[in-house]
2 protein chains.
Amino acid sequence: MVGTLAPRRDIPSATVSRLPVYLRALHEFATRDVTRVSSEELAAQAGVRPTQLRKDLSHLGSHGVRGVGYDVGRLTAELTNALGLNRSWPVAVVGMGNLGRALAAYSGFATEGFHVEALFDHDPSVIGDLVGRHRIASMGELTDVVARLGIAIGVIATPANSAQDVADALVGAGVRAILNFAPVALALPEGVACRSVDLATELHVLAFLRQPERVGADVGRGQ
Amino acid sequence: MVGTLAPRRDIPSATVSRLPVYLRALHEFATRDVTRVSSEELAAQAGVRPTQLRKDLSHLGSHGVRGVGYDVGRLTAELTNALGLNRSWPVAVVGMGNLGRALAAYSGFATEGFHVEALFDHDPSVIGDLVGRHRIASMGELTDVVARLGIAIGVIATPANSAQDVADALVGAGVRAILNFAPVALALPEGVACRSVDLATELHVLAFLRQPERVGADVGRGQ
DNA sequence: GAATGTGAACTCCTTCACAGCA
DNA sequence: TGCTGTGAAGGAGTTCACATTC
């Protein structure tokens, strides 16, 4: 038995991927100086149903008050803690094409302790260039830089054919969380967390949904 | 009973979101001049299990040969057809910040009939600027341009607070498929297909998976 | 009275085991 | 014999209904 201390065991992965959405919805209420919300209000802001929200939150323990609702500040703290967002998460981006440069500068990445701290590319003609505050480093420097800066998350924004090599280099350097934008299935050792974002696939799915035969369909990770 | 002619009814949405991955895996084999693959080989390339692949393909009808495998060319044609990729899909990108510009130029978007044909932004200081081959148009031009170019898919790459207005404008102009990068839940009428890509959420989930208590976990849309 | 928390039902997806066919 | 195709079993996620608590 591993940890009676941790009240956060076995959270379903579907729930985990909605927690950040709830956190953002809470921030929205906080900026409006709302201090208390019902599951109905919070769910509407997050784009889910109230029962879904309550079931999800129940996995973190009871933090609402029956007949009243949730305290915005308290629930925010609870979610922040559950997601591990009360520390810093240094990020490295590998691949300085259009997408990689945009990600390096993307303001949505610079929230909640995530900070892009290192940039890498394979192409000698761009190494040394500045993107935002950072110099593009060579792949040869990756191991040292990752260790020195304590990089926790590696973002792969290379073409498909170099993504596996990059993943291997990141894992070899000690990175154990990867966000992959290359359209390829990465082979990774046990214990390395990976999320893939596949932009072309999203378009393909939309194309399918919009075919004449299936007008009216509304499937997928929609809204 | 609805349509014995169409062999493509009621494909589970989980299957639909894997079909593009299979198609890409098939392209990979085709470039190596492989003409026949087993479900095991194709599944390995796609990063799924063989039984999953076979079950998914079974929703499209039987296109393999027992004891032999699948014909790469034939299955490619079948998937291309099922996904509706044998036509052109004009795309518009709204929001010309870092991410929008990268998406406008992203080569992964320029595959299989998807072509970025129009760019829009709200900010007068960038309207008229060229990004790639295209001039940034104003939001006021959106309705006309969408109609004239027959835009089928709208990509929203604006900040969260303008995303709903943009979505309304796109839908009002006749767009019925939206790819949303803004971190907000869009309210859309029935019949409008939407997929959301939330970059900050992906980082949050990775942070959760990498917390000390849950080393070893390997959840999510991983690999 | 009002809104949360949760067992149970239900739906959807994945995996298994094997029948069916070249 | 070898590999596909698929009914059935198993597992995961969502929704319902309602007991519970302030």
Side-chain angles (χ1 to χ4, degrees), chain A residues 7-19 21-22 25-26 29 34-72 74-75 78-79 82 205 217-223, chain B residues 7-19 21-22 25-26 29 34-72 74-75 78-79 82 205 217-223:
Chain A
R8 187 210 318 102
R9 294 271 45 175
D10 291 335
I11 305 183
S13 68
T15 294
V16 172
S17 48
R18 281 187 298 264
L19 295 182
V21 180
Y22 302 153
L26 284 168
F29 282 105
V34 176
T35 60
R36 219 158 50 187
V37 286
S38 66
S39 62
E40 188 157 340
E41 296 165 318
L42 190 54
Q45 177 71 36
V48 304
R49 292 194 223 306
T51 70
Q52 174 101 83
L53 172 77
R54 294 205 300 275
K55 177 66 94 179
D56 283 340
L57 294 183
S58 76
H59 293 292
L60 308 180
S62 297
H63 301 294
V65 180
R66 292 168 201 241
V68 178
Y70 300 89
D71 181 273
V72 172
R74 180 166 172 213
L75 191 54
E78 213 61 55
L79 283 174
V205 172
D218 197 9
V219 191
R221 265 186 305 132
Q223 33 173 326
Chain B
R8 187 212 318 102
R9 293 270 47 171
D10 290 336
I11 305 183
S13 67
T15 295
V16 171
S17 48
R18 280 187 297 265
L19 295 182
V21 179
Y22 302 154
L26 284 167
F29 282 105
V34 176
T35 61
R36 219 158 50 188
V37 287
S38 65
S39 63
E40 187 159 339
E41 296 165 319
L42 190 55
Q45 177 71 36
V48 303
R49 290 192 226 305
T51 69
Q52 172 98 261
L53 172 76
R54 294 205 300 275
K55 176 65 92 180
D56 284 339
L57 294 183
S58 76
H59 293 292
L60 308 180
S62 297
H63 301 294
V65 180
R66 292 168 200 240
V68 178
Y70 299 90
D71 181 273
V72 171
R74 179 163 173 215
L75 190 54
E78 213 60 55
L79 283 175
V205 173
D218 197 9
V219 191
R221 267 187 300 133
Q223 36 175 326

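Any value given below was found using the heavy atoms of this structure, including those in side chains, with hydrogens, waters and symmetry copies removed. Just so it is clear: chains get the letters A, B, ... in the order the sequence lines come, proteins before strands, and each one is counted from 1.
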Roughly, in whole Å, what's the span from CZ in A:Arg36 to P in C:dA2?
-> 14 Å
Would you mind reading off the distance between B:His63 atom NE2 and C:dC21 atom C1', rounded to a whole angstrom?
-> 17 Å
A:Leu53 atom CG is separated from C:dA3 atom P, nearest whole Å, by 14 Å
How long is the span from the CD atom in A:Gln52 to the OH atom in A:Tyr22, to the nearest 0.5 Å?
-> 5.0 Å
Rounded to whole angstrom units, what separation is found between the CG atom of B:Leu57 and the C1' atom of D:dG5?
-> 10 Å
Could you write nucleotides 10-19 of chain D as a row of B, S and -, 5' to 3', where a protein heavy atom under 4.0 Å of any base atom gives B, of only sugar-phosphate atoms gives S, and otherwise -?
-> ---SSB---B
Looking only at heavy atoms, which two atoms of B:Arg36 and B:Val72 are closest? And how far apart?
-> N-CG2, 3.8 Å
Between C:dA22, C:dG5, D:dG5, which one does the side chain of B:Val65 approach most closely?
-> C:dA22
Please report the C-alpha distance between A:Leu57 and A:Tyr70 in whole Å, then the side-chain angles of each, then the deciding distance to 0.1 Å, and finally whether the side chain to side chain contact (heavy atoms under 4.5 Å, CB included) criterion is met.
-> CA-CA 11 Å; A:Leu57 294 183; A:Tyr70 300 89; 3.7 Å; yes
Applying the side-chain contact (heavy atoms from CB on, under 4.5 Å) test to B:Leu75, which of B:Leu42, B:Val37, B:Leu60 qualifies?
-> B:Leu42
More than 12 foreign heavy atoms under 6.0 Å from CD of B:Glu41: is that the case here?
-> yes
Rounded to whole Å, CD of A:Glu40 lies from P of C:dG1 at a distance of 19 Å
Check the surroundings of atom CD in B:Glu40: do more than 12 heavy atoms from other residues, nucleotides or ligands lie under 6.0 Å from it?
-> no
Roughly, in whole Å, what's the span from CG in A:Leu60 to P in C:dT6?
-> 12 Å
Does C:dG5 have OP1 or OP2 sitting under 4.0 Å from an N or O in the side chain of A:Tyr70?
-> yes
B:Ser38 side chain N/O closer than 4.0 Å to the phosphate oxygens (OP1, OP2) of D:dC3?
-> no
Atom pair OG (B:Ser39) and NZ (B:Lys55), whose distance is rounded to the nearest 0.5 Å = 13.5 Å
When the distance from CG of B:Asp10 to P of C:dC12 is rounded to whole Å, what number comes out?
-> 10 Å
Value in whole Å for how far the P atom of C:dT6 lies from NE2 of A:His59 = 10 Å
